[in-house]
Amino acid sequence: MTGTRAHAAPPRSRTAGDAGGGPPWLDLSPVAASAGLARAWARAVLAAWDLGHLAGDAELAVSELVTNAVQASSSADSPDPVRLCLTSIGTQLLVQVRDGCPAFPVHTHSGVTDEAGRGLLIIDHVAIQAGCYRTPRMPGKVVWCLIAGDPVPGNRIGDQ
């Protein structure tokens, strides 16, 4: 399920709505299968933006954030969809995921045999920044992360 709306984008940025005229976000039901749909959508958006080199880190971040949002929305009995929004500014990608639960995510200390609890550690590894904020006029929150792209070849000191 997707949605569209007019919105102002930051200067020199692209939102997912720029990818072939599609919607600027992807709304997902709070069910386990949504993480796979979100990864595929993110991969397609990045390919359309010629940012396929970010796909690995982006898909990992999208998967973790959407999975956490699905779990949070389910635990809060929220009827609102989980919303994924991608925005690129140059070589950086902003991933934002909104859910219907007002509680902020918390880092946990997972044991070696634990099957869950490492999502935020993964986000810390693939992102240069991450955070969370409450959504105005709606219940819930947005959890976000910023992924940096590789520098353009030839622009590093010492490259010839």
Side-chain angles (χ1 to χ4, degrees), residues 1-10 13-20 22-49 51-52 54-89 92-111 114-149:
M1 171 166 96
T2 59
T4 60
R5 75 170 179 181
H7 71 293
S13 70
R14 293 181 288 188
T15 63
D18 298 328
W25 64 73
L26 178 66
D27 280 348
L28 300 154
S29 297
V31 296
S34 292
L37 295 172
R39 283 191 306 272
W41 182 77
R43 187 179 325 112
V45 168
L46 292 173
W49 289 346
L51 293 175
L54 295 178
D57 286 348
E59 287 181 53
L60 188 56
V62 163
S63 185
E64 292 300 328
L65 293 180
V66 168
T67 297
N68 287 352
V70 164
Q71 291 171 349
S73 288
S74 295
S75 70
D77 289 327
S78 173
D80 296 329
V82 169
R83 177 168 288 173
L84 167 63
C85 183
L86 300 178
T87 305
S88 75
I89 303 173
Q92 296 181 334
L93 178 70
L94 176 63
V95 178
Q96 299 179 87
V97 178
R98 186 188 68 77
D99 64 55
C101 178
F104 279 21
V106 177
H107 281 274
T108 59
H109 300 288
S110 300
D114 291 339
E115 294 183 15
R118 293 182 187 84
L120 293 178
L121 293 174
I122 291 170
I123 296 300
D124 288 344
H125 181 72
V126 300
I128 59 171
Q129 289 181 313
C132 186
Y133 61 90
R134 299 222 189 279
T135 54
R137 300 179 307 275
M138 295 182 77
K141 66 183 171 300
V142 172
V143 181
W144 62 270
C145 70
L146 185 64
I147 298 170

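What you are looking at is a predicted structure, and each value in this text was computed from that prediction instead of being measured. Counting begins at 1 with the first residue of the sequence.
To the nearest 0.5 Å, atom CG of residue Asp27 and atom CG of residue Leu37 are 12.5 Å apart. Summarising the geometry, atom CD belonging to Glu64 is positioned 4.0 Å from atom CD1 belonging to Ile122; distances are rounded to the nearest 0.5 Å. How far CG of Asp80 is from OG of Ser29: 11.5 Å, rounded to the nearest 0.5 Å. The distance from atom CD1 of Ile123 to atom CG of Leu146, rounded to the nearest 0.5 Å, is 11.5 Å. The line from CZ of Arg98 to SG of Cys132 is 12.5 Å long, rounded to the nearest 0.5 Å. The distance from the CG atom of Asp124 to the SG atom of Cys145 is 9.5 Å, given to the nearest 0.5 Å.
Arg39 and Val62 make their closest contact through N-CG1, 4.0 Å (heavy atoms, listed as atom of the first residue, atom of the second, distance). For Ala58 against Leu93, the heavy-atom pair with the smallest separation is CB-CD2, 3.6 Å. Of all non-hydrogen atoms in Ala72 and Ser75, the two that sit nearest each other are O-OG, 2.9 Å. Considering all non-hydrogen atoms of both residues, Ala35 and Thr67 come closest at CB-OG1, 3.6 Å. Residues Trp49 and Leu86 approach most closely at CH2-O, 3.7 Å, considering heavy atoms. When every heavy atom of Leu54 is checked against every heavy atom of Ala148, the shortest pair comes out as CD2-O, 3.8 Å.
Of the possible polar contacts, none joining the Arg43 side chain to the Ala55 backbone as a donor-acceptor pair under 3.5 Å is found. Checking side-chain atoms of Ser63 against main-chain N and O of Glu59 turns up no donor-acceptor pair under 3.5 Å. Looking at Lys141, its side chain never comes within 3.5 Å of a backbone N or O of Asp99 through a donor-acceptor pair.
For the side chain to side chain contact (heavy atoms under 4.5 Å, CB included) test with Val82, the passing option among Ser34, Ser73, Ser74 is Ser73; the others fail.
Side-chain contact between Val143 and Pro105 is present, with heavy atoms from C-beta onward closer than 4.5 Å. Residues Leu28 and Val66 are in side-chain contact: their nearest non-hydrogen atoms beyond the backbone lie under 4.5 Å apart.
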Begin from the C-alpha positions of His125 and Leu60 and carry the test side-chain contact (heavy atoms from CB on, under 4.5 Å) through to its verdict. CA-CA 10 Å; His125 181 72; Leu60 188 56; over 6 Å; no
